[in-house]
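These values consider heavy atoms only, across backbone and side chains, with no hydrogens, waters or symmetry-generated copies. Each ligand, and each atom within it, is numbered from 1 in the order the structure gives.
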Amino acid sequence: MSSTTPFSELAKLGPPAADEIEVCLFGPSFGESALIHIGDGRWLVVDSCAYAGVDGPIALHYLDQHGIDASAIETVLITHWHDDHCRGASKLVASTPRAKVWIAQTLTNTELLRFAFRMNTNKTAIAGSKLTEFIQIMKEIAERKKRGETTFGFAIQNHPLHYVNGSQLAHGASVKFTALSPSHGDHLDFLERIGDLFPRTKLPKRALGGPSPNEISVASILEIGPESILLGADLENTKAGSGWDAVLKANRSNRFGSPAKIYKIPHHGSLTAHNTSVWSDMLASDPFAILTPWRKGRGRLPNDEGIKKITKLSKQSFSTSRHPDGRPKTRSPAVQSYLRSNNIQLRNLKAPAGFVRMRKKPGADWNVELFEPACHLASMLRRRTRSPA
Ligand SMILES: [Zn+2]
């Protein structure tokens, strides 16, 4: 790799130790990818995104900077088919032929149509150029199936995505990765809506309804011994018995792991994904909250209201990047003292886009590193308010 790549200095800092858990959240203001070291050089990836100046998916680039081969990735989960979560995903999947690939069992109508059309006719896809990654990955999965392989799967609530017995890992803790969504109710909705796709005689033509990709995105929980990490994907609050409400209901009848100390905030901190019951029922008090911001045209997430809701519930909340017109880099003395007293290290790699890295050795606390312009979430507020300290 060229020394001008944004993360070329990473190698100096070294990869995690065999008994160390590592969570990297990448997000360059449009895109999200989580790379997790579960121990002993074994990794999981959730979603894929690209950084300017970096060739290919950022997760592969990060591993490459440490001299780690893509074969170290054991599971890839693509939570949904929005561009900001699946850019480079087909390359990621093609580079990890032995990794298990998970996608949501529930599709949107557009995805279903494109899948059926492409698989049956092998013709150019319909409905524009979006979802190319989806078609490429479905083709890869179909090829694996033809070869008699079972290295792919369709995720739905409660489905196990990955398991490693603690006896195989230096830290000794078992690893259990479970899908929290889409719920079975949301999947049933999808099956009912498929009927809308068929032309019917003597009945008024109905517009294609169907779930949005966010409604059926795959939120998940990763348990490593007593540690739980809640990965919120882009799951939103939709209606009763759907989205986060369905996750909470399922959690009440059969708990998904211990309260999580790390929360990958869903849907870039949007108000539509914020759910106080998730915080009270599924998270430890004052957990680490990490998010990727989202910006497209004039749209941006999170907004000030979203930031305030999160920072009220978590003093330790971080963003992988900041909005370009966010506050300048100078930090108030209170923020500086907060970062110092919480042992949070700032890394300036002269990178155009940052990320958040969290590492934990057995028996130790989580150590947070912010690779600039990753920042404390409170410093993204457009209007100055109280500092996080
Ligand atoms: Zn998104």
Between [Y] and [X], does any NZ, NE, NH1 or NH2 come within less than 4.0 Å of an OD or OE carboxylate oxygen?
X: Asp189; Y: Lys239; value: yes
X: Glu143; Y: Lys146; value: yes
X: Lys249; Y: Asp245; value: yes

Determine the minimum heavy-atom distance between Lys100 and Thr150, stating which atoms define it.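 Closest heavy-atom pair between Lys100 and Thr150: NZ-O, 3.2 Å.
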
Report yes if the distance between the aromatic ring centroids of His267 and Trp294 is under 6.0 Å, otherwise no.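 No, ring centres 6.0 Å or more apart.
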
So which protein N/O/S atoms does the Zn ion (ligand 1) have within less than 2.8 Å?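 Per the 2.8 Å query on the Zn ion (ligand 1), atoms found are Asp84 OD2, His85 NE2, Asp234 OD2, His268 NE2.
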
Side chain proximity check, Phe154 to Thr106, heavy atoms < 4.5 angstrom: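 The answer is no; the side chains never approach within 4.5 Å.
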
